[in-house]
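For reference, the structure discussed in these notes is given below.
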Amino acid sequence: MKTKNATGIGNAIDRVEGHLKVTGEATYASEFKVENKAYGQGINSTIAKGEIIGIDTSEAEKLKGVLKIITYKNAEKLKTFDKERPVLATDSIAPVLQSNKVHYYGEYVGFVVAETFEQAQYAASLVKLKYKEDATARFILGQNKDKAYNPSEESDYERGNLKKGFSEADAIIEQTYNTPIEHQHPMELHATIASWNNGKVLVYASQQIVEDAVISISGTFQIPKKDVRVVAKYVGGGFGSKLNVERHLIMAVMASKMVGRPVQATVTRSQMFTNTGLRQSNIQVVKLGAKKTGELTGLLHETLAYTSTTQEFQEPCGSMSKMMYNVANAAVSERLVPLNLQQPFSMRAPGEATGSFALECAMDELAWKLKMDPVQFRIKNDTQEDLSQEKPFSSRLLIECLTIGADEFGWNKRQQKPRANKKGNWLIGYGVSAAARAAPFNETHAKVLLDLTNDTVTATLQMDATDIGTGSYTILAQTLSECLNVPLEQVVVELGDSDYPITPGSGGSWGAASYCNGAKSACDYAIAALKKNRNVPNDEDVSIAELLKMNQITSYESQSLAKPDSEFKKHSIFSFGANFTEVWVDKDTGIYKIKRMVNVGSAGKILNPKTAYGQVIGGLTMGAGMVIAEQTKVEPNFGNFITRSFADYHVPVNLDMANVDVIFLPEEDKIVNQMGIKGIGELGITSVAASIANAIFNATGKRMRDLPITPEKLLMAEVEDGVTV
Ligand code: MOS
């Protein structure tokens, strides 16, 4: 696509909303000026399973400023689940405070409303609950394998004949990979200001998908969708935790109805561990077989994960294993164990982030066994057809990602033999991994309002899309600048309001592709309609200002939509990437450093290299976090999370990620959508963990299959058979 404006797509412009953010003018959910609002604070259970048998609110009620204490005894009646453990979706109902039953430690058991935030917090701490504990609670995945069930028929996938595949192999590896519970922890706390007004609901909320939040609220309160308005102008990160509506929002709406005032609920950082989503722990078994020459003959990927006892979520860890390599015989299965822990849901690249750790470590293990270079091993097993969907890829530049990355990284300096590269006390290792992440594109509606004043056109875009820190405002402004051929200063982007046309929201790496194509369709529609009215040929280059003048109008409104076409459906659509990592491991202490990383991605048209770069850096950092620190620990007797603040839930800091190189391949995918856009946010985290673990093996000869890889684990681990120390 030709870029007509310096502000059009493809240019690394600064964020259009950047100034608003750094000056504090961008309104996040809890920052809207709402008159007469009260504050609500959730109360968390202190048992993991059982019943509430007594509630004493007397002390709390005496406090100044307390307006209402809501528990299951006086809560509004909400829609509850009509079957056991329904699947959690982004638009699911979110009933809360509907019974005296407790299902996990930290579950909301009450909500205190007061004049101030501090009063509500203090009052909440004074509410005394008495419980009858049920000793049958279960917390540890590995200890409850016998309780596993098959969540759906689709969780079993098979092609070819796996037994035959492994019988044809010259080398086979089979290993178990463990990943712990992790939390998303966006910078902006989950928050809402909710108003109930004569049966109509208005919520300012931190949500990734406005439309699904509307559906969830209307479903939970059993009120018409048209009576619910959700506003999410700025969202300070989500990573999946804000895909669905969480209970603080429902309690705030309920409280507003009960006290007759708007109610703000801000989830505390500590409650972000217990009440707003997480990535569950997984136990993955991967078995791979290959011929001496490197061709894969069999692939098995079995995942065991937990879900809560109330709802079901299955992270599809085998998704990448199904489509990544040219292996005729493959099987993927997924099983769930219900535990008395918080409900898991999508966390950045659900499936790929964890699944790729198992698959891409296993690929490294087999390459080593075959004495093959792990880059060459992957190239050998490349495929241009998605064997699981029996469709060609719309485009797949994985080999290019691997070879260009290897060049940039200096892969040829790698020693195939572990522990061969040393500097003083440091053992130096290089690791590689390949990545693929689905690049969805979903139906998206958009409205463009054109205004002609003093010969200058101002174009305003409206859609219910969200900007979760990714840069939606910026890439959409660029899209309008490009499509209408007007400079950025004449573009206004208005997002995050359910009054605007419906989009799929931000999630699953479909935001950019969906939003921009939707916006383009509204622009194209306006130009075509204005030309048609005046019999201007479609291919004639007339400015938008001129077109309005020719039509003798000063304003015009156009609404249109973009959606996948038949070509899209005939193809398998993925973004691809490769990660290269160098680690230095202290041979005496096990302390290691990520010295540098090179990430190469092919994700179609890069709308803005600056915001795209930010997405990948963020993904790489989260991927590194999986390896070096991130882990939510469960207390094995009581089922509470021990890690309840950033003092004990550690994430990478700048120094950990000091030297990171991100390369985007120029990729023209003419099939995926008109603008050739593919998702990027989740590609960035995919297989990062494996590239680090593989580098650690290359450095030390130790296979680290349990995340996170702490220095003590690394120190205690034995080197693999065949490694000379
Ligand atoms: Mo993503 S886990 O769909 O925000």
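Indexing begins at 1, ligand by ligand and atom by atom, following the structure's order. Along the sequence shown, residues are numbered consecutively beginning with 1.
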Worksheet item: Atoms of ligand 1 less than 4.0 Å from Q208 heavy atoms?
Response: 4 (O)

Item to complete: May I ask you to check whether S346 has an N/O atom sitting below 3.5 Å from an N/O atom of ligand 1?
Response: no

Worksheet entry | Atoms of ligand 1 close to G507 [distance to a heavy atom under 4.0 angstrom, numbered from 1] | 3 (O)

Worksheet item: Of all the atoms in ligand 1, which lie at a distance below 4.0 Å from a heavy atom belonging to L243?
Response: 3 (O)

Discussion item. Does the plane of the ring in Y28 sit parallel, tilted or perpendicular to the ring in Y234? Use 30° and 60° as the thresholds.
Written reply: tilted

Item to complete: Kindly confirm or rule out an N or O of G240 lying under 3.5 angstrom from an N or O of ligand 1.
Response: yes

Discussion item. Show the atoms of ligand 1 that are less than 4.0 angstrom away from any heavy atom in R348.
Written reply: 2 (S)

Worksheet entry | Distance from atom 1 (Mo) of ligand 1 to nearest protein heavy atom, with residue and atom | E682 OE2, 3.2 Å

Worksheet item: Side-chain contact, heavy-atom cut-off 4.5 Å: E360 with M320?
Response: yes

Worksheet item: Is it the side chain, the backbone, both or neither of I468 that has a heavy atom closer than 4.0 Å to ligand 1?
Response: neither

Discussion item. If I apply the N/O under 3.5 Å rule, does G508 come out as touching ligand 1?
Written reply: yes

Discussion item. A quick test of your reading: do over 12 heavy atoms of other residues, nucleotides or ligands sit less than 6.0 Å from NZ of K391?
Written reply: yes

Worksheet item: Should M597 and D661 count as side-chain neighbours, where that means a heavy-atom distance under 4.5 Å?
Response: no

Fill in: Exam field: side chain W510 to backbone A439, donor-acceptor pair closer than 3.5 Å
no

Worksheet item: Can F646 and H185 be said to form a ring pair (Phe, Tyr, Trp, His ring centres under 6.0 Å), step by step?
Response: CA-CA 9 Å; F646 282 147; H185 277 298; 4.9 Å; yes

Worksheet item: Of the backbone atoms (N, CA, C, O) and the side-chain heavy atoms from C-beta on, which set of S509 has a member under 4.0 Å from an atom of ligand 1: side chain, backbone, both, or neither?
Response: neither

Discussion item. When you measure from the side chain of R348 to the backbone of G681, do you find a donor-acceptor pair of N or O atoms at a distance under 3.5 Å?
Written reply: yes

Item to complete: Enumerate the atoms of ligand 1 whose separation from the nearest heavy atom of P350 is less than 4.0 angstrom.
Response: 2 (S)

Practice prompt. Indicate yes or no for a side-chain donor-acceptor contact from T479 to the backbone of C516 under 3.5 Å, with no hydrogens or angles considered.
Written response: no

